[in-house]
2 protein chains.
Amino acid sequence: MSRTYSIRDLADEFDITTRTIRFYETEGMLNPQREGQARIYSAQDRVTLKLILRGKRLGLSLAESRELIAMYRPGLEPEANRPQLEKLLAVIEQRRSHLRQQLHDIERMMQDLDDAELKASEALAALTGA
Amino acid sequence: MSRTYSIRDLADEFDITTRTIRFYETEGMLNPQREGQARIYSAQDRVTLKLILRGKRLGLSLAESRELIAMYRPGLEPEANRPQLEKLLAVIEQRRSHLRQQLHDIERMMQDLDDAELKASEALAALTGA
DNA sequence: ACTCAGGTTTACGTTAACGTAAAGGTAACT
DNA sequence: AGTTACCTTTACGTTAACGTAAACCTGAGT
């Protein structure tokens, strides 16, 4: 009996448009229930949306996010045959290595920003002093 | 007298197409010298390309990368008037906060992957055992 | 009954970041 | 001279991820 959400609730919470949410649905990422013709989202739907947006922030395509989300939910039936599972583990490791690369990139960029900030504030100080 | 690179050198090194490199040039991100009609890239150009690709891995648009790269090279003349510099510092802080968000997202996603991996290998073990 | 603020479907439009193909230049090898 | 292997410019094509507009429904308030 957990809470439900209107399309506007979610749009406002995550600062996206309703169009975006409907688009994700046509892409098969969301399957809200209907109350009449209006969409009614569950807590589960909300989590899914959250995952999509997180993936987006990390530069994943929708297709990639779909894969990740699917793997995160093995479904109710353990339809987990071995090749499936092994492929899954491989995908996980690959994704993890991608994240490691991003981590590295972030560190470097932070460093660059430090440098840039230093230069900028020095230049500003010089102006102020002069 | 530092080393120079052909378009193919760079394409191979960074695993992109020559089309991509030329595209970045039309977008004003690169300005290689010419030897006849062939492009000849400096170490500086190579660094710029590296920055572009790093930005791309972090989900930046080309326009955003251009901004970052421009801010990273204040140019030869300190055309740095105050509003410019202040805006620069603001942009830096904003970018930094974006990176922090990404860091957070990465941690969460790593955690999710840990969970998924655990589940998957458990399921696999169950199969093997059965 | 009327309005009005939301929701809905359908469909065409848009932007970024290249892909791909056509047509040709050029240096080097055979 | 011919072929090969790059390079070049020019230009149209493509895909993802929505934006935007039109036309319609619908429950709540007056």
Side-chain angles (χ1 to χ4, degrees), chain A residues 3-42 45-46 48-70 95 98 101-102 105, chain B residues 3-42 45-46 48-70 95 98 101-102 105:
Chain A
R3 220 203 121 172
T4 63
Y5 306 83
S6 74
I7 197 170
R8 177 118 312 274
D9 288 341
L10 295 182
D12 287 350
E13 175 175 1
F14 296 115
D15 197 30
I16 56 183
T17 68
T18 60
R19 172 67 174 95
T20 297
I21 296 179
R22 289 193 204 95
F23 172 69
Y24 292 156
E25 182 175 342
T26 70
E27 296 295 299
M29 319 276 301
L30 292 172
N31 263 42
Q33 291 182 294
R34 297 295 185 123
E35 202 170 293
Q37 73 172 353
R39 292 167 171 83
I40 181 90
Y41 298 87
S42 69
D45 291 327
R46 182 170 164 281
T48 299
L49 184 53
K50 216 171 184 171
L51 290 177
I52 295 173
L53 296 176
R54 190 165 80 200
K56 193 181 166 191
R57 285 195 300 268
L58 292 178
L60 305 194
S61 71
L62 274 185
E64 290 172 318
S65 283
R66 173 166 32 227
E67 263 198 79
L68 275 178
I69 291 170
R95 182 55 56 193
H98 185 175
Q101 168 73 3
Q102 278 188 293
D105 285 337
Chain B
R3 219 203 123 173
T4 63
Y5 307 82
S6 75
I7 197 170
R8 178 120 309 274
D9 289 341
L10 296 182
D12 287 350
E13 175 174 0
F14 296 116
D15 198 30
I16 56 183
T17 68
T18 60
R19 172 69 175 93
T20 298
I21 297 179
R22 288 193 204 97
F23 172 69
Y24 292 156
E25 181 174 341
T26 71
E27 296 295 299
M29 318 276 301
L30 292 171
N31 263 40
Q33 290 181 297
R34 296 296 183 121
E35 202 170 292
Q37 72 172 352
R39 292 167 170 83
I40 180 92
Y41 297 88
S42 70
D45 291 327
R46 181 169 164 282
T48 299
L49 183 53
K50 215 169 184 173
L51 291 177
I52 294 173
L53 296 176
R54 190 165 81 201
K56 194 181 165 191
R57 284 195 301 269
L58 293 177
L60 304 195
S61 71
L62 274 186
E64 291 172 317
S65 284
R66 175 168 28 233
E67 264 199 79
L68 275 179
I69 290 171
R95 182 54 56 192
H98 185 175
Q101 169 72 3
Q102 278 188 295
D105 286 337

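All heavy atoms count here, side chains included; hydrogens, waters and symmetry mates do not. The chains referred to below are lettered A, B, ... by the order of the sequence lines, with proteins before strands, and numbering in each begins at 1.
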Salt bridge (charged side-chain N to carboxylate O under 4.0 Å, His left out) between D9(B) and R3(B), worked out: CA-CA 12 Å; D9(B) 289 341; R3(B) 219 203 123 173; 3.7 Å; yes
Closest approach of D45(A) to P32(A) (non-hydrogen atoms, all atoms of both residues): OD2-CA, 3.7 Å
Euclidean distance, atom CD1 of residue I21(A) to atom P of dG7(C) [Å, nearest integer]: 10 Å
Under 4.0 Å protein heavy-atom contacts per nucleotide of nucleotides 8-21 of chain D, with B for base, S for backbone only and - for none: BB-B-----BBBB-
Stepwise salt bridge (charged side-chain N to carboxylate O under 4.0 Å, His left out) test for R95(B) and E67(B): CA-CA 11 Å; R95(B) 182 54 56 192; E67(B) 264 199 79; over 6 Å; no
Polar side-chain atom of Q102(B) near backbone of L58(B) as donor-acceptor pair, under 3.5 Å: yes
K50(B) vs F14(B) side-chain heavy atoms within contact, under 4.5 Å: yes
